[in-house]
Amino acid sequence: MLNDIFLFILNGGGWALKPILEKISVDKMGYFYFTFVRYFVSGIIAIPFIIYQYNRHGIPKKYKNDRNAFLYDVVVWGSVVSVVAISAIGANYYLLEKYNSNYVTPIAEGILLIFNAIFSCIILGERFTMDMMIGLIFILTGIFFFYRKHL
């Protein structure tokens, strides 16, 4: 329980600090360069972790040692998610270059929550409740208050 609380704090604090550090980076090198530099550096950092995981655990058990199926999923899903992520983060960095982090991040994160709820229902078939609808209305209201000076 205490470990989970620490992890929630680390997760929340890390994701709160990330846009501030991104704003500093975007202001220094521009949104376009930083978009790709970030993913390039992340890829380099990931290599030893991938090698460690593979050497220690092999491929996930669900593939039943079918390396071709695993490689196929790595290439296909890695490519799809990377294209979506780079497109989204490029837009985010452009907005961070143009506006303050305390303006961009709450709006972007609010919209992220709304689309996540919608896409989870459509793509994954997850349930959507009335409480979730009310929560999303509150999020939309918050986004309106942040953005209203630009309307």
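Below, each value reflects all heavy atoms present in this structure, side chains not excepted, and no hydrogens, waters or symmetry copies.
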Problem set entry | Greater than 12 external heavy atoms within 6.0 Å of Phe32's CZ | no
Exercise. When you look at OH of Tyr33, are more than 12 heavy atoms from neighbouring residues, nucleotides or ligands closer to it than 6.0 Å?
Worked result: no
Heavy-atom side-chain contact between [X] and [Y] under 4.5 Å:
X      : Y      : answer
Ile143 : Ile114 : yes
Tyr93  : Arg38  : yes
Glu22  : Ile89  : yes

What about [X] and [Y], same hydrophobic cluster or not, with Ile/Leu/Val/Met/Phe/Trp/Tyr joined at side-chain heavy-atom distances under 4.5 Å?
X      : Y      : answer
Ile86  : Val81  : no
Leu112 : Phe138 : yes
Tyr72  : Tyr63  : no

Exercise. For the residue pair Tyr99 and Tyr103, does the interplanar ring angle fall in the parallel (under 30°), tilted (30 to 60°) or perpendicular (over 60°) class?
Worked result: tilted
Exercise. Quick one: CG on Asn116 to SG on Cys121, what's the gap to the nearest 0.5 Å?
Worked result: 9.0 Å
For this session: Could you pull out the closest heavy-atom pair between Ser82 and Gly78, with the gap in Å?
Result: OG-O, 2.7 Å
Problem set entry | With sequence neighbours excluded, residues passing salt bridge (Lys or Arg N to Asp or Glu O under 4.0 Å) with Asp73 | none
Exercise. When the ring centroid of Phe36 is compared with that of Phe40, is the distance short of 6.0 Å?
Worked result: no
